[in-house]
Amino acid sequence: MASVVVVGGGYGGITVAGGLDEVADVTLIEQKDQFVHHAAVDSVWGHTIFMPYSRLLKRGKIVHGTAMRVEGTTVYVAGQDPIEGDYLVLATGTTYPFPAKHQVSQAAVAKARLDQCRANLANANRVLLVGAGTVGVEFAGEISATFPDLQIIMVDRAPHILGTPGYSQELIDDLTRQLKDRGVELVLGAPLAYMPPSDMGVLSSFYVETTDGVGIEADMWFICYGARTATGYFHGAYSELLHGDGTIMVNEYMQVRGTQNVYAVGDITDVPESKRADAARAHARVVVANIKDQLANRAPSTTYSPGKEWIVLPLGPDGGASQLVTPQGKMALVGPEETAEIKGSDLMVTMIRGQLHLP
């Protein structure tokens, strides 16, 4: 039976591994000892975002370790023998500052850090969020919902929230109003002149200024920007296929350019679309279909093209807004109730648990 090695156990990785488990010898390589659900920062306070991999594969195996480099379809993992496959799927996603993502490999350590962070927020008076993009906006919504007496200050170099292209003025205005209604202070139009002296998530009072001289006092702070593709293990021929932003070139079949048996899914690909969990899963379904084609001695037949770009931004359980695309291709703005319905009452935790075959 052909072997498939999947590097990365995020949304795309588990979809590929689970989808091929019955037809190939699957090995999933993942640094973390548990799956971490990062669909939205507003789920960071619950331990339900941590889920074991133990029931994902019936036939295949999971290797917990860090991929150090890839050569052809062979993966070199720290502390392990090289892992060779007939097919290779790269699905390592992005890294992001705490608490939006956790870089530690042990779930127990990540949970303890979250517990301490929550305790610190409960004892803080003012918290600074550096960055007013989607992560900052969602995080401000969750903090304000969970700690309504905590003063939140958001700083961004852009003159308004959601300062990168793609957001309608209606969405920006609606979410700005909701944030201000919650008492969030927006300090926009200039970046910080220097970062706070304390670590993120630590309870320690400080004073900083923006480059235009606005002073800010707070007890805690977080960076809410800075996603980076996790492609540092690409060397040799693979490094030549990387763009400056760290994404790798793929064709319409989600094959890495110039290869037949190597695929990539999710945030590390150069597919021109926003980086989302649902997009990674869609990439993965294409890869599953194409590897099944190849296993049956057929040419890959399933292609991927970016779909509708919905922007769904909850502000805790009872706020937020979404920018949707109608079947007629027009933009539509919906409010908190519809946004909560799209995200799901449990932030899609039930769906992910289903993929992992968890009760």
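- The main-chain N or O of T247 is never found under 3.5 Å from a side-chain atom of D270 such that the two would form a donor-acceptor pair.
- The cluster map of Ile, Leu, Val, Met, Phe, Trp and Tyr, joined by side-chain heavy atoms under 4.5 Å apart, puts Y207 and I223 in the same cluster.
- Counted within 6.0 Å of CG on D212, heavy atoms from surrounding residues, nucleotides or ligands total more than 12; the atom is thus considered enclosed.
- Between the side chains of E273 and Y304, at least one donor N or O lies within less than 3.5 Å of an accepting N or O.
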Exercise for the section: Show your reasoning for whether side-chain hydrogen bond (donor to acceptor under 3.5 Å, both in side chains) applies to T15 and Q355. Expected result: CA-CA 7 Å; T15 303; Q355 274 195 276; 2.7 Å; yes
Exercise for the section: Let me see the working for L129 and I143 under side-chain contact (heavy atoms from CB on, under 4.5 Å), right down to the final yes or no. Expected result: CA-CA 11 Å; L129 304 184; I143 293 175; 4.2 Å; yes
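- Residue V104 shares its hydrophobic cluster (ILVMFWY side chains chained together at separations under 4.5 Å) with V109.
- Counting only N and O atoms by type, the side chains of T339 and S322 include a donor and acceptor under 3.5 Å apart.
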Exercise for the section: Might you work through the side-chain contact (heavy atoms from CB on, under 4.5 Å) test for I311 and L313, ending with a clear yes or no? Expected result: CA-CA 6 Å; I311 298 167; L313 289 174; 4.0 Å; yes
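- Cation-pi geometry between R228 and Y96 is not met: the NZ or CZ atom fails to fall both under 6.0 Å from the ring centre and inside 45° of the normal.
- Looking at heavy atoms from C-beta onward, V7 lies out of side-chain contact with V89 at the 4.5 angstrom threshold.
- Between the side chain of D267 and the backbone N or O of K275, no donor-acceptor pair lies under 3.5 Å.
- Pairs passing the side chain to side chain donor-acceptor pair (under 3.5 Å) check and including a residue from residues 213-223, sequence neighbours excluded, read S205-D219.
- Here the side chains of L186 and K180 are in contact, with some heavy-atom distance below 4.5 Å.
- One hydrophobic cluster holds both L295 and V265 under the rule that ILVMFWY side chains link at heavy-atom gaps under 4.5 Å.
- By the rule that hydrophobic residues join a cluster once side-chain heavy atoms approach within less than 4.5 Å of another member, M249 and Y253 end up as members of separate clusters.
- A donor-acceptor pair is defined here as one N or O able to donate and one able to accept, closer than 3.5 Å; such a pair exists between the side chain of T210 and the backbone of V214.
- Heavy atoms of other residues, nucleotides or ligands lying less than 6.0 angstrom from CD of Q106 number 12 at most.
- The aromatic ring centres of Y87 and Y263 sit 6.0 Å or more apart.
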Practice task
Go through the steps for T211 and L192 under the test side-chain contact (heavy atoms from CB on, under 4.5 Å), then give the verdict.
Solution key: CA-CA 6 Å; T211 54; L192 288 183; over 6 Å; no
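- Of the possible donor and acceptor atoms, none in the side chain of T302 sits under 3.5 Å from a partner among the backbone N and O of A289.
- Closest approach of R257 and V250 over heavy atoms only: NE-O, 3.1 Å.
- With hydrophobic clusters built from ILVMFWY side chains whose heavy atoms lie under 4.5 angstrom apart, L188 shares a cluster with V127.
- In this structure, CG in N125 is found 9.0 Å from CG in N123, a value given to the nearest 0.5 Å.
- In this structure, CD on E185 lies 9.5 Å from CG on L128, to the nearest 0.5 angstrom.
- Contacts classified as side chain to side chain donor-acceptor pair (under 3.5 Å) and involving residues 18-33 (residues at least two apart or in different chains) are given here: D25-R59.
- Between D173 and E170, the closest side-chain pair of non-hydrogen atoms is not below 4.5 Å.
- Residues M200 and P97 form a side-chain contact, since some pair of their non-hydrogen atoms from C-beta on lies under 4.5 Å apart.
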Problem - Trace of the side-chain contact (heavy atoms from CB on, under 4.5 Å) decision for R281 with R276 - result: CA-CA 9 Å; R281 287 192 292 267; R276 312 180 314 276; over 6 Å; no
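- Side chain of S301 to main chain of D293: no donor-acceptor pair is present (N/O by atom type, distance under 3.5 Å, no hydrogens or angles).
- Distance alone, capped at 3.5 Å, is enough to place a donor-acceptor pair between the N251 side chain and the M254 backbone.
- Using a 4.5 Å cut-off on side-chain heavy atoms (C-beta onward), V262 and L90 make contact.
- Between Y194 and E209, the closest side-chain pair of non-hydrogen atoms falls below 4.5 Å.
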Exercise for the section: With side-chain hydrogen bond (donor to acceptor under 3.5 Å, both in side chains) as the test, would you mind laying out the steps for Q294 and N290 before giving the verdict? Expected result: CA-CA 6 Å; Q294 290 179 284; N290 286 332; over 6 Å; no
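- A donor-acceptor pair shorter than 3.5 Å cannot be found between the side chains of T134 and E138.
- A salt bridge links R182 and D318; the closest N-O separation between the charged side-chain nitrogens and carboxylate oxygens is under 4.0 Å.
- Defined by atom type and a distance below 3.5 Å, a donor-acceptor pair is missing between the side-chain atoms of Q169 and Y167.
- Considering V349, V36, L56 in turn, V349 is the only one that fulfils the side chain to side chain contact (heavy atoms under 4.5 Å, CB included) rule with M51.
- Rounded to the nearest 0.5 Å, atoms CD1 (I161) and OG1 (T176) are 3.5 Å apart.
- The CG atom of L57 sits 6.5 Å away from the CG atom of L28 when rounded to the nearest 0.5 Å.
- Taking the six-membered ring where the residue is Trp, Y238 and F234 present tilted rings, their angle falling between 30° and 60°.
- Using a 4.0 Å cut-off between a side-chain N of Lys or Arg and a carboxylate O of Asp or Glu, D174 and R177 qualify as a salt bridge.
- The line from OG1 of T231 to NE2 of H235 is 10.0 Å long, rounded to the nearest 0.5 Å.
- Of the possible polar contacts, none joining the T94 side chain to the T229 backbone as a donor-acceptor pair under 3.5 Å is found.
- For the pair P52 and L358, the minimum side-chain heavy-atom distance is below 4.5 Å.
- Within the 3.5 Å criterion, the main-chain N or O of L171 finds a donor-acceptor partner in the side chain of S168.
- In this structure, F35 has its ring center under 6.0 Å from that of Y11.
- Remark: the backbone N or O of K330 is paired with a side-chain donor or acceptor of T326 at under 3.5 angstrom.
- Contact record, P317 with A340: O-CB, 4.3 Å, taken as the closest heavy-atom pair.
- Note that R69 lies in the cation-pi zone of Y76, set by a 6.0 Å cut-off to the ring centre and a 45° limit from the axis.
- Closest approach of Q178 and G320 over heavy atoms only: OE1-N, 2.8 Å.
- Shortest non-hydrogen contact noted between V75 and A67 is CG1-CB, 4.0 Å.
- Residues F147 and V202 fall into different hydrophobic clusters, defined by Ile, Leu, Val, Met, Phe, Trp and Tyr side chains chained together at heavy-atom separations under 4.5 Å.
- Annotation: the span from M68 atom CE to T66 atom OG1 amounts to 7.0 Å, rounded to 0.5 Å.
- Between V187 and M154, the closest side-chain pair of non-hydrogen atoms is not below 4.5 Å.
- Panel note: side chain D156, backbone G131; no donor-acceptor pair is recorded below 3.5 Å.
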